[in-house]
Every structure is written in structure tokens, then in C-alpha cells.
Chemist: 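Dumping the structure here so I can ask a few things about it.
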Amino acid sequence: MNQTCIRDVSKHVGQEVTIKGWLYNSRSSGKLMFPQIRDGSGIIQGVVFKKNVPERVWSDFEKLTQESSIIVRGNVRADERAPGGFELDVVDVEVVQIAEPFPITPKEHGVEFLMDNRHLWLRSKRQHAILSVRAEVIRAVRDFFDSNGFLLMDTPIFTPAACEGTTTLFEVDYFEDAKAYLTQSGQLYNEATAAAFGKVYCFGPTFRAEKSKTRRHLTEFWMVEPEVAYAELNDVMDLAEQFLTFIVQRVLENRRKELAELERDTSKLEKIAPPFPRLQYDDAVKMLQEAHDKGELEARFEWGGDFGAPDETYLSSQFDRPVMVHRYPTAVKAFYMKPDPERPELAMCVDVLASEGYGEVIGGGQRADDLEYLLKQIHAHGLPEESFDWYLDLRKYGTFPHGGFGMGIERCTTWLCGIEHIRETIPFPRMLYRLKP
RNA sequence: UCCUGAGUAGCUCAACGGUAGAGCAUCCGGCUGUUAACCGGAGGGUUGUAGGUUCGAAUCCUACCUCAGGAGCCA
């Protein structure tokens, strides 16, 4: 295909190129026109002088509407007056289609309208930037694990039972009489694969049926979960710290332009490097209580509960890099968390709160490896023992200390982009009351 | 599920008890360096739905629907 990507035009200065794309916007002054041409890799400004092109080319350009599909031939020239620094002196155009009036005009729009037109909204510069950062995050995730001795172990999406309680699961019919649930975590399966392969990770879609309606929730999101045999809580924290740092560095390296488009203050991201502050739950509670006493937090936090969104926001805004809060009360955490041998009322778990008030991006810890303790926990949480028979086998046949964590791709992307709402970090968000497009 | 707010032209908003209006988009005209270009003109409405109050309702009242923001829960 004879075609040049707009991304690569800087390599073709002085040459004639063919660009296949769409009209992003156009400005004209009588006998001079400046069509902005978009091809998915970038945007370039064209220049059409009426007297320099055949009559047909001029009249074709006059008819184009926003997002009409076109194939443009022209000469590349560097020009300071053009956004992006390069211009295309147009020689010829082939009109593929004159688009119907495009709903998303260059002026501002409301959230509902944009979400209803998500399939068209994706063509905007802003969505282009955000979703490019998302792709970079995912590439970094894979590269990090693949080059550090981890093996990809895809875990099932249909699962037979809840891993942490059925209220948050989507239920589907699974042939005759059986019910299946869409996965909310691959972790239990990865404890099995970790016993087989040592260091593993799974990466795939995750489903939560909670009726959460906030800027940090999706009902369908992508989660990456490493699991490491013989890892203890400190090893899990070391891993989380290296992993997040790697992702941030990669995005800074490869997606500067996109971050600039989003007006992201990258100086905050540049500070991110190990070691991350490690804060015991006990000490975090003290910080929250002091904040309340100083009038910086409305509700007084009492020891024993899980942090609410305002608490997380406060804690993460106190540090210039992500903070790792560890050893929460066992009572507020999942049944499979290992209790601290020195203080059994605390779980060997860790939440990583992203900086700048973005809240939890990673949750994980060390898993309970003792059969008796796990049985007790399963009963205490009112879970059906028979659903977990295979999981309990892992504690009968060569039990071992191990741990890992899960990171939400979209929460991480929201933070790195510095944007308000998670819904823009996945091409087609699934949220409470939104299943279309 | 609960709390708060909002639904008026294709879109973003104004009019707050007395003749429904502007910008953008669309169409027509003008402009040889535009930067969400600009200037002139035209078309475009069952004011979310159903009731009610009133001489008169986009405006006040009631119910419902939809959306947004937040809470709880979580990655």
C-alpha cells in the first residue's frame, strides 16, 4: 500500500507522500484553505492554494465535512506556523466519502452525549492520547513480567463460585441447571499455577457487579495479577514498587507527547522511584485521626475499619510517591490473607495508594498457607467448603509461603494521565447503567 | 441501594409566571497564513414524560423516567 503515516512525515520533508485518513477540521480564507488531516497516527495541517491546484481539487475540498474520509497527495514541508511543525502542500485529493454532519463538533459537549457517542468520541485528540497511554501501560506490564522470569498463566473467566462472596458477581447460565460467575480475580487459580511454575501472572478482564457509581469504578476492567512462590509480604512490596516504577518510566519515555496533550504535570511522575514509603495500618490510622483533629478530614477514623475514599485520598496526598499501607485488620480483608504471626489480628496484606490523591491501584499480600486456618476462615466467612476443595488441596500437597497482588490497568492509567474519571481509560467502558455502545 | 443536582434547537447554554433566544454544527455569500479562524445571511423547538395550580407555565406543585456528582464496596 502506497501510504505514509502522519507519525512519520518528519522523515519525508521535501517528498511527495500519500496520506489516507479523515478530515479533522478545516479553516479557509477565500482562496486558501487549511484542512487538518487525521490518519490515526497523528494530525497534519494541509495547505490548499486555489490557484496552485486544479479546479476539481479545490471544489472537492470545499465540499468536505468534518470526518469525511479522504486520500490526500502532497509535499511535506517544515513550517513553524503549522500545529505539529509540518505541513502538507496539497497536490491532489480523492474523496472516499463525504461524511454526514459529525455529531461531535469542535465545541464543548456534555458527558452523557459524549458517552452515547463513545464510538465517535474515540477520534478526538484527548481520547487518542489517553488510550495510547493505556496501550503503553499494558506493554510495560507484559515486558516487566516476561523479562523477570514470570510465566503468563491465563485464568478462567467463567468460574464456578465466588472467591470473596457472591453479591459482587455477575451470574450467567452454564448449560443445564448450572450457574457460572464471571471472574472477579484470577488469584486463587494462580496460587495453583505458582505451585507448578514458581513465578506467574495472569492478565485479563475482571467483572464486578457492585453497584458502585464513582469516578474510580468500572463493572468490567482489566487486571494484572502476579503470584510468586516463596514470596513473603516484604517480597510482594518490593515487587510492587519495582513494577510500578518500571511502568511510570516506560510511559515517561515513550508517551511524552500524549502526556503533554493531556497537560499532565510530569514532574510529579518523574519523582517516582523506590523506595516507596511503607506505612503500617496502625500508623495510617494515627495520621487520619490527627488530620481529623486538625480539621483536614470530616469524619474521625476509628481503628478496625477499611479506609473510605476520602481517607485514601488524604493518605496518598501526604507523600510525593505511591504509599504502601500494610497489615490491615484481618476482619476487613479477604479470607485467604495470612495473619501476622506476631499479631494475628492483622493480615499480611498491602494496598498501594497512587500519589496525588488517586487512591488504591494495587492490592495484595501474602496468602494463608495453613490448612486449618483456611478452613476456619472459610467457615467464618460463611463460604461453602466444597467449592474450595481444590484450593485447599494446595495446602495439603506441598504447601508453601507465597503471595502476589492485583493491579487495575484503568486505575493506573487514570493516575498516569492525571485525569478525573476512569471511564476515559478504556475504549468502551462498562459501568452501572451503561452497556452501550 | 442512599444523598444531592440537572433535563429547553443536532450540541453547549440563556430566558425563572406574560410573544422561547445566543454561540457552535448545517446550508448560502465574503475573505491568499488560518490556529476551537473570522464577517454577513438562512433554516432549525410538543421546553424529559404524565397529571395538577393559574386568565396565562420552560418557569410553581406531585409522580415517574433519564443522566451526572458523591457515599458504601472495591482494582
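Order of the sequence lines fixes the chain letters, A, B, ..., with proteins taken first and strands second; residue numbering starts at 1 for each chain.
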Chemist: Test: ring pair (Phe, Tyr, Trp, His ring centres under 6.0 Å). Region: residues 44-74 of chain A. Which pairs qualify, not counting sequence neighbours?
Modeler: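 Matches after skipping sequence neighbours: none remain.
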Chemist: Could you run down the sub-3.5 Å N/O contacts of the protein with nucleotides 70-72 of chain B?
Modeler:
| residue | atom | partner | partner atom | Å |
| --- | --- | --- | --- | --- |
| B/G70 | OP1 | A/R215 | NE | 2.1 |
| B/G70 | OP1 | A/R215 | NH2 | 2.0 |
| B/G70 | OP2 | A/R215 | N | 3.4 |
| B/G70 | N7 | A/K213 | O | 3.3 |
| B/G72 | O6 | A/K213 | N | 3.2 |
| B/G72 | N1 | A/K211 | O | 3.2 |
| B/G72 | N2 | A/K211 | O | 3.3 |

Chemist: Thinking salt bridges, do A/K333 and A/D351 make one under a 4.0 Å N-O criterion?
Modeler: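 Yes, A/K333 and A/D351 are salt-bridged.
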Chemist: Can you list the residues that meet the side-chain contact (heavy atoms from CB on, under 4.5 Å) rule with A/L152, with sequence neighbours excluded?
Modeler: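 A/L152: side-chain contact (heavy atoms from CB on, under 4.5 Å) contacts with A/R142, A/D154, A/Y201.
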Chemist: For RNA chain B, what residues of residues 49-57 of chain A have any heavy atom nearer than 4.0 Å?
Modeler: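 When residues 49-57 of chain A is checked for heavy atoms under 4.0 Å from RNA chain B, the hits, listed by number, are A/F49, A/K51.
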Chemist: Could you please name the option among B/U12, B/C27, B/U34 that lies closest to any side-chain atom of A/F113?
Modeler: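 Out of B/U12, B/C27, B/U34, the nucleotide with an atom closest to A/F113's side chain is B/U12.
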Chemist: Quick one: label A/T206 by what it contacts on the DNA or RNA (base, sugar-phosphate, nothing), any heavy atom closer than 4.0 Å.
Modeler: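 Nothing, no heavy atom under 4.0 Å.
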Chemist: Reckon A/I362 touches a base, only the sugar-phosphate, or nothing at all at heavy-atom distances under 4.0 Å?
Modeler: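 If one applies the 4.0 Å heavy-atom cut-off, A/I362 turns out to touch the sugar-phosphate alone, with no base involved.
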Chemist: Measure distances between side-chain N and O atoms of A/Q45 and base N and O atoms of B/U34, and say whether any donor-acceptor pair falls under 3.5 Å.
Modeler: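 By the distance-only test, yes, there is a pair.
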Chemist: Which pairs, protein N/O on one side and nucleotides 43-47 of chain B N/O on the other, fall under 3.5 Å?
Modeler:
none

Chemist: For nucleotides 20-25 of chain B, tabulate all protein N/O to nucleotide N/O atom pairs closer than 3.5 Å, reporting atom names and distance.
Modeler:
none

Chemist: Please determine if a side-chain N or O atom of A/R423 lies less than 4.0 Å away from the OP1 or OP2 oxygen of B/G69.
Modeler: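 So the side chain of A/R423 is within the cut-off, an N or O lying under 4.0 Å from OP1 or OP2 of B/G69.
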